[in-house]
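A short worksheet on the structure shown next.
Every heavy atom of this structure was used, including side-chain atoms; hydrogens, water molecules and symmetry mates were not. Letters A, B, ... are given to chains in the order of the sequence lines, protein chains preceding strands, and every chain is numbered from 1.
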Amino acid sequence: MSDERKYVEELSDVEDDFDRWYVEVVRRAELADESPVRGTRVVRPYGFALWENMQAELDRRIKETGVQNAYFPLFIPKSMLEREAEHVEGFAPEVAWVTRGGNKELEEPWAVRPTSEAIICPMYARWVQSYRDLPILINQWNSVVRWEERPRAFLRSLEFLWQEGHTAHATLEEAEERTRLMLEVYRDFVETELAVPVIPGRKTESEKFAGALRTYTIEAMMGGKKWALQSGTSHNLGDHFGRVFGIEFLDRNGERRYAFNTSWGLSFRMVGAVIMVHGDDRGLKLPPRVAPIQVVIVPIWRKEAEREAVEAAVDRVRDALLPVARVFVDRRDDKTPGWKFNEWELKGVPVRLEIGPRDVANDQVTLVRRDTHEKQSISIADLAGRIPEILGDIQANLFAAASRMLAENTVEVDSYDVLKERVAANAGFSRAYWCGSAACEERVKAETKATIRCIPFEQPETPGRCLVCGEEAQQQVIWARAY
RNA sequence: CGGGGUGUGGCGCAGUUGGAAGCGCGCGGCGUUUGGGACGCUGAGGUCGGAGGUUCGAAUCCUCUCACCCCGACCA
């Protein structure tokens with residue numbers, strides 16, 4: 001026990017210093033490491049495997065809606081990026097530029113894409129002549145670069161991995177439908193696969209995507225400081241981009257029309273979300289559905305004589321579980337079992353199986369859950385049947401715990417003073433009526449650093465009074481500090 | 001860009017008045033160990049961020065410089 005305490009002390013306490021805890025967990029669990037380039041991180045195999053599992057599930061869902069994957073270039077000529085006025089204004093401070101290629105100065109600088117609307121839309125303009133060419137439904141998995149001043153592993157880095165979907169439609173209604181559909185895909189993915197509950201809603205004018213007609217978002221609450229994390233966004237771009245990039249077509253009636261676009265993205269900041277929502281003082285707690293390793297087997301023996309029997313049982317268990325779970329056997333003989341227990345808890349593996357002489361004698365294994373620390377003995381014969389059930393239970397348990405955290409730390413407030421106190425105390429989300437004026441929004445942001453995370457789809461029946469100015473307000477919004 | 005801080009083996013750090021570069025962890029070898037981060041012996045690994053200066057002598061003092069971290073400003 002004293003050894004355990006000593007070990008745990010090496011990780012900062014979640015409640016005590018969450019930011020430090022986060023940095024330490026990312027590094028010690030071998031998700032990512034610092035790189036020689038400021039503001040960027042190297043994603044290590046364990047972290048990348050987690051991202052790959054997320055990708056696979058999200059990619060499948062995106063394709064089920066009829067979207068195909070493609071790839072567009074990393075570079076965007078300056079003149080193209082600057083075509084849409086709001087778009088360039090919004091992104092200008094974060095764009096990295098290539099001004100030289102080989103030994104020659106470029107005649108026109110190239111932007112390293114901060115997002116790809118400006119390189120994709122000109123291509124759509126070439127491909128669209130008729131309403132019969134629409135819709136275009138394309139997604140790409142790539143990385144983009146945004147010159148962030150305050151980077152943070154996974155959550156905000158100079159280069160980050162994501163998917164960006166871009167569609168073109170004949171009507172605004174169809175574009176709106178697609179925008180909402182993809183937000184729902186994100187909601188389902190994040191809640192089902194990552195066990196992270198979210199609040200879906202719309203962004204305010206000041207928070208929407210640069211160049212968009214409207215932006216929708218799913219907002220999640222992180223552990224520790226209970227700040228918000230924008231976890232996926234879907235934009236209805238209207239015909240802004242269609243007009244400036246000339247995506248023109250003839251409709252059924254032979255009339256010239258501009259196409260309506262959408263774009264939507266979800267990034268590997270969700271790796272950060274999984275860390276912050278589920279993690280505890282022992283480290284990560286990965287949702288089984290995306291965990292790179294769902295079941296880790298730790299063989300234990302004292303004498304060489306015991307080793308043979310243990311290893312035979314380990315092989316038998318592994319073979320039985322391979323068809324139903326992602327299993328890893330930790331055969332390292334330079335680490336003690338106790339060391340391995342702590343290591344795999346740090347890395348968030350949902351289920352650990354201990355197989356030692358005592359287990360072999362009884363034809364059973366000792367199973368330990370990462371979420372509850374509950375220990376139980378299960379006969380080897382029953383294991384393959386029980387594991388999927390237990391993994392499913394852990395997934396549900398994580399979602400329930402995160403939902404509880406969100407509910408318990410979201411409070412309806414009707415006084416600005418209370419909002420100020422809550423923000424200052426890192427008390428979570430505050431739900432309040434808002435009149436809709438940018439002035440009230442800006443004032444709260446300036447005075448408290450909290451922003452309107454979204455205007456939730458779910459609204460009360462009755463109107464109320466704006467928290468800030470007291471005018472009549474038709475809707476409630478979620479106020480919170482955000483990463 | 002403003003304020004603060006840190007640069008010494010892979011990591012974390014100590015280094016007093018300027019006088020032989022150290023400690024813990026980790027790493028290699030050998031042996032004993034293994035049910036909640038084992039232990040012994042032994043070994044490898046450093047132009048002290050960089051440049052210049054002061055001095056008989058600089059990790060230490062001075063000047064300049066670079067990098068990174070934290071706080072703030074900024075952040076679809």
Side-chain angles (χ1 to χ4, degrees), chain A residues 1-11 17 19-20 23-24 27-28 33-40 81 84 86-95 113-118 144 146-153 155-158 160 162 164 203-217 230 232-235 237 263-265 267 269 282-283 298-304 306-307 310 330-346 352-361 364-368 373 375 377 445-446 449 451 481-483:
Chain A
M1 191 61 190
S2 62
D3 282 345
E4 183 186 351
R5 194 169 295 128
K6 180 188 161 206
Y7 169 71
V8 169
E9 276 169 8
E10 290 176 27
L11 253 192
D17 190 344
D19 294 340
R20 195 170 159 196
V23 171
E24 287 172 2
R27 190 174 53 82
R28 302 227 1 246
D33 200 359
E34 286 163 25
S35 90
V37 181
R38 182 196 75 90
T40 65
L81 186 68
E84 214 283 342
E86 282 182 29
H87 190 61
V88 62
E89 194 193 330
F91 279 104
E94 306 178 72
V95 175
R113 62 181 169 218
T115 178
S116 300
E117 282 78 1
V144 291
R146 298 182 189 178
W147 216 259
E148 301 287 356
E149 294 298 327
R150 289 280 301 272
R152 215 174 148 77
L155 303 179
R156 193 176 290 284
S157 48
L158 264 65
F160 61 87
W162 75 343
E164 48 174 328
K203 284 289 188 187
T204 64
E205 284 300 297
S206 71
E207 295 280 333
K208 77 179 186 187
F209 179 77
L213 182 64
R214 318 187 242 284
T215 289
Y216 298 105
T217 178
Q230 179 173 306
T233 47
S234 188
H235 318 293
L237 304 175
S263 67
W264 22 277
S267 81
R269 72 181 346 196
R282 297 191 186 202
V298 178
I300 301 161
W301 67 83
R302 290 171 194 279
K303 304 165 193 136
E304 275 303 309
E306 295 169 337
R307 179 175 184 160
V310 166
D330 188 352
R331 296 184 192 277
R332 289 175 291 181
D333 57 7
D334 59 326
K335 306 286 187 213
T336 62
W339 196 96
K340 294 174 182 178
F341 297 164
N342 286 297
E343 160 121 329
W344 293 115
E345 279 170 7
L346 173 65
R352 176 176 79 239
L353 301 181
E354 305 171 12
I355 302 181
R358 289 205 298 267
D359 301 295
V360 172
Q364 66 182 31
V365 302
T366 301
L367 182 148
V368 186
H373 303 127
K375 255 188 194 195
S377 294
K445 183 177 176 181
K449 293 177 189 164
T451 53
R481 289 201 66 171
Y483 284 99

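Atom pair A/Glu24:CD and B/C25:P shows a separation of 20 Å (rounding to whole Å applied). Remark: P of B/C74 and CZ of A/Phe91 are 18 Å apart, rounded to the nearest angstrom. For the pair A/Asp334 CG and B/G26 P, the interatomic distance rounds to 11 Å; values are reported in whole Å. Atom P of nucleotide B/U34 and atom CZ of A/Arg332 are separated by 18 Å, given to the nearest angstrom.
Both cation-pi conditions hold for A/Arg352 and A/Phe341: the charged atom is under 6.0 angstrom from the six-membered ring centre and inside a 45 degree cone around its axis.
Nucleic acid contact for A/Pro114: none, since no nucleic acid atom lies under 4.0 Å from a heavy atom of the residue. Using a 4.0 Å heavy-atom cutoff across all strands shown, A/Lys303 reaches no nucleic acid atom at all. No contact: A/Thr115 has no heavy atom under 4.0 Å from any strand. As judged by a 4.0 angstrom heavy-atom cut-off over every strand, A/Gln230 is placed among the base-contacting residues.
Side-chain atoms of A/Thr366 lie closest to B/G35 of the nucleotides B/G35, B/G36, B/G72. The side chain of A/Asp359 approaches B/G35 more closely than any other nucleotide in the set B/C75, B/G35, B/G36. The A/Trp301 side chain lies nearest to B/U34 when the options are B/U34, B/G36, B/C75. Of the candidate nucleotides B/C75, B/G35, B/U34, B/G35 has the atom lying nearest to any side-chain atom of A/Glu354. Residue A/Arg282 places its side chain closer to B/G36 than to any other of B/G35, B/C75, B/G36. Proximity note for A/Glu345 (side chain, C-beta onward) versus B/C75, B/U34, B/G36: the nearest is B/G36.
Counting non-hydrogen atoms of neighbouring residues, nucleotides and ligands closer than 6.0 angstrom, the CH2 atom of A/Trp147 reaches no more than 12 such neighbours.
Base pairing of B/G35 is not made with any nucleotide, judged by Watson-Crick or G-U wobble geometry with both donor-acceptor distances under 3.5 Å. B/U54 is unpaired under the Watson-Crick or G-U wobble criterion, no partner having all donor-acceptor distances under 3.5 Å. A 3.5 Å limit on both hydrogen-bonding distances identifies no Watson-Crick or G-U partner for B/A44. The partner of B/G2, taking Watson-Crick or G-U wobble pairs whose two distances both stay under 3.5 Å, is B/C71. As the counterpart of B/G7, B/C66 is assigned, both hydrogen-bonding distances of the Watson-Crick or G-U wobble pattern falling under 3.5 Å. Under the Watson-Crick or G-U wobble criterion, with both distances below 3.5 Å, B/A14 has no partner in any strand shown.
Contact annotation: the side chain of A/His373 approaches that of A/Arg282 to within less than 4.5 Å [non-hydrogen atoms, C-beta and beyond].
The same atom, C1', is picked in B/G29 and in B/G45; the two are 15 Å apart, to the nearest Å. As rounded to the nearest Å, B/C64 and B/U54 have C1' atoms that lie 15 Å from one another.
The base of B/G36 lies outside donor-acceptor range of the side chain of A/Thr336, with no N or O pair under 3.5 Å.
In summary, of the residues considered (A/Glu205, A/Lys208, A/His235, A/Lys203), a side chain to side chain donor-acceptor pair (under 3.5 Å) with A/Thr215 occurs for A/His235 alone.
Between A/His87 and A/Phe209, the ring-plane angle classifies as tilted under the 30° and 60° cut-offs.
The shortest heavy-atom contact between A/Glu148 and A/Glu94 is OE2-OE1, 3.0 Å.
Under 4.0 angstrom from either OP1 or OP2 of B/G35 there lies no side-chain N or O belonging to A/Arg358. A close approach under 4.0 Å does not occur between any side-chain nitrogen or oxygen of A/Lys340 and OP1 or OP2 of B/G35.
Residues A/Ala210 and A/Pro337 each lie close to RNA chain B; by heavy-atom proximity, the contact nearer the 5' end of the strand is made by A/Pro337. Both A/Lys375 and A/Arg152 sit near RNA chain B, but only A/Lys375 has its closest nucleotide nearer the 5' end.
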